[in-house]
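Here's the structure we're looking at; comments come further down.
All chains are named by letter (A, B, ...) in the order of the sequence lines, taking the proteins before the strands, and each is independently numbered beginning at 1.
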Amino acid sequence: MSEPTSNFIRDIILADNESGKHAGRVQTRFPPEPNGYLHVGHAKSITINFGLAAEFGGMCNLRFDDTNPAKEELEYVESIIEDVKWLGGDFGDRIYYASDYFGQLYDWSCQLIRDGHAYVCDLTPEQVRLSRGTLTEPGQNSPYRDRSIEENLDLFTRMKAGEFPDGSRTLRAKIDMASANLNFRDPVMYRILHAEHHRTGNEWCIYPMYDWAHGQSDSIERITHSICTLEFEDHRPLYDWYVQRLGIFAPRQIEFDRLNLTYTMMSKRKLLQLVQQNLVESWDDPRMPTISGMRRRGYSPQGLRNFAQNLGVSKTNGTTEFEKLEFFIREDLNKTARRAMAVIKPLKLIIDNYPEGQTEWLDACNYPDNETDLRKVPFTRELWIECDDFEETPPKGFFRLYPGNEVRLRWGFFVKCVSLDKDADGNVTAIHCTYDPASRGGNSLDGRKVKSTIHWVSAAHAVAAEIRLYDKLFTKEDPNDVPEGQDFTANLNPKSLVKVQGWLEPALAETQPGDRYQFERLAYFCADKSSTKEKLVFNRTVELRDTWAKEKKKS
RNA sequence: UCCCCGGUCGUCUAAUGGUAGGACAGCGGACUUUGACUCCGUCAAUCGUGGUUCGAAUCCAUGCCGGGGAGCCA
């Protein structure tokens, strides 16, 4: 497992503990908006927030940033809770919602109005945009900026009471329309939205904006370190401004770089588009970069955590190679997944000198380097082997099966290829071998060696299964790199899912959804949630490293 | 054009004024009843220019490059 590497956020906490700022208390939070499923980028945030809390003996809350009823749904809340739990985030019973604080937020708004720091503005959205100025020019004060406190209080009360239509008025903070930081140009605190909220129902028709809700929520929960992504850097001064005007507990916002992965798209809006346009099956389609998709595909929580841990934390905008994710998934699965044999591109192998009708049950190890945990595999005269393990005319360096060559059948016998059956077009339809009965279990009596061991399944005992071979969802490192006028869907990989029928050793018939295996010499697989005893379905999680395939590619 | 942030091996990341290190990827080898795993070796970086200093990836200045910012989204 990888050591957590030093990073600037840990340094800040260390320094705070040193100075006694919070008496050594560390409280973080993971604050998703329930407007989509969590993705691997969130896994990084979860690892940082829960990890730091755990490391310093603190706690991390799960808090839903549910301030926009138009986009948020209960389904997302439920999936997020499940995903955070699955990843190992320990939030105990600390599930909070920004909507829990709507009442407090409202009271604090009145306080800011009374202190002359906020006002009700009657400008339309369009007028607000026009008067905000530009990146280089200052904005203009709203004509409603200098209303009396009494009028503001009255109007705001009536906004809350539902007297005004959507978009007709806002509550804005009175700061500085000329600020170079656009967030200071009298930001909107409340907008009128006659929409049903998934938790508060129709209790509210005014909803707080992110900037007004987030820092205050942090403060209420006495968050010491409020860790978010880089795009909120410009918001920090506003975050601090609200907390200071209110005179409440002041958390510190710290920004880090969000995760970018090659061949992956992390925008929730675009992931939603994939789902809605049926370009993938669902949010948990195994090709999706969502936590639920990765879970369904067979990624393990530990593997994901190790990956996130190894990522490090910084403020550099970069893109991590997808191969790194795959490395940590393989690394964990190698330690935890049971081994089994399966053939996904079958080729018939007939052992001419093996008695017809005979079956031997051979011992096979379930895990490498463990000779006590065994299962039985049936061996018969006719087997399925992998197509790629045979070549009629072997390329240089090929030491699997070819005419005249002897290989080992894993856990079985040595077999030597003696002849081939071909169809009218000259395609090989079956391979004939002879076997050495003395090599039972996989070792010759006379000490002769073979260069290759291949996997196999007894044809008479083989269990059929649907095998879903997944590849990258996008063909380009940057899925958003498209010609003018096209969108990222142009880069969708048409071969991201290939379904084939495979043959499994009979022990696999009992597989339950979610079970992970390494089908030896092929890849890691995970039984899909739809898999049943009647119809087994396996998802390819991640392929094994294949130096032979790489070698072949070179020539 | 204005504000904020950032630039270290191909990629990600350490070094907090004192030997530029690790991981992934690549390459080579050893081992192997998985061409897997493991192990060993190897390639490879401080954006440019000035300055401060005995000494600079680190501090200062400046230039260049990249990211973010003008939602009643988060």
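For B/G35, one of the phosphate oxygens OP1 or OP2 lies less than 4.0 angstrom from a side-chain nitrogen or oxygen of A/Arg521. Contact annotation: A/Ser179 side-chain N/O to B/C3 OP1/OP2 distance is not under 4.0 Å. For B/C72, the OP1/OP2 oxygens have a side-chain nitrogen or oxygen of A/Arg132 closer than 4.0 Å. Of the side-chain N and O atoms in A/Thr319, none sit less than 4.0 angstrom from OP1 or OP2 of B/U11. For A/Thr67, a side-chain nitrogen or oxygen approaches OP1 or OP2 of B/A74 to under 4.0 Å. Taking only side-chain nitrogens and oxygens, A/Lys550 comes nearer than 4.0 Å to OP1 or OP2 of B/G26. Of the side-chain N and O atoms in A/Arg258, none sit less than 4.0 angstrom from OP1 or OP2 of B/G67.
In this structure, A/His235 has its ring center at least 6.0 angstrom away from the ring center of A/Tyr239. Two rings, from A/Phe64 and A/Tyr97, have their centers less than 6.0 Å apart.
Here the C1' atom of nucleotide B/A74 and the OH atom of A/Tyr207 are 16 Å apart, to the nearest Å. Here B/G67 presents its P atom at 11 Å from CG of A/Asp478, a figure rounded to the nearest Å. For the pair A/Phe256 CZ and B/U13 P, the interatomic distance rounds to 12 Å; values are reported in whole Å. If you measure from atom CG of A/Asn317 to atom C1' of B/C4, you get 13 Å, rounded to the nearest angstrom. Atom-to-atom, CD of A/Gln309 to C1' of B/G22 comes out at 14 Å; the value is rounded to the nearest Å.
Using a 4.0 Å cut-off between charged nitrogen and carboxylate oxygen, A/Arg330 and A/Glu543 do not count as a salt-bridge pair. In summary, A/Lys315 and A/Glu255 engage in a salt bridge, as defined by a charged side-chain N under 4.0 Å from a carboxylate O.
Here B/G10 is the nucleotide among B/A70, B/G10, B/G6 with the atom lying nearest to any side-chain atom of A/Glu321. Comparing B/A70, B/G68, B/A23 by their closest approach to the side chain of A/Glu231 singles out B/G68. Checking B/C72, B/A23, B/G26 against every side-chain atom of A/Val128, the shortest atom distance belongs to B/C72. Between B/C2, B/A14, B/U34, one nucleotide has an atom nearer to the side chain of A/Ser6 than all others, and that is B/A14. When distances are taken from the side chain of A/Asn334 to each of B/G6, B/C37, B/U34, the shortest belongs to B/C37. Side-chain proximity of A/Glu233 to the nucleotides B/C73, B/U34, B/C5 is greatest for B/C5. You'll find that the side chain of A/Pro125 is closest to B/C72, out of B/A36, B/C4, B/C72. Comparing B/G7, B/A74, B/A25 by their closest approach to the side chain of A/Phe232 singles out B/A74. Nearest to the side chain of A/Phe328, among B/A23, B/G6, B/G69, sits B/A23. Closest to the side chain of A/Lys71, from the set B/U34, B/G68, B/C73, is B/C73.
Stacking between A/Tyr210 and B/A74 is absent: the aromatic ring centre is not both under 5.5 angstrom from the base six-membered ring centre and within 30 degrees in plane angle.
With a 3.5 Å ceiling on both atom-pair distances, the Watson-Crick or G-U wobble partner of B/C24 is B/G10. The base-pairing partner of B/A36, taking Watson-Crick or G-U wobble contacts with both distances under 3.5 Å, does not exist among the strands shown. Within the shown strands, nothing qualifies as a pairing partner of B/U16 under the Watson-Crick or G-U definition with both distances less than 3.5 Å. With both pairing distances under 3.5 Å, B/U62 is matched to B/G48 as a Watson-Crick or G-U wobble pair.
Other residues, nucleotides and ligands contribute more than 12 heavy atoms inside 6.0 Å of the NZ atom of A/Lys270.
Side-chain contact check for A/Asp446 and A/Ser444: at least one donor-acceptor pair (N or O, by modelled atom type) lies under 3.5 Å.
For the pair A/Thr262 (side chain) and A/Glu321 (backbone), a donor-acceptor distance under 3.5 Å is absent.
For B/G51, the glycosidic angle deviates from 0 by more than 90°, giving an anti base.
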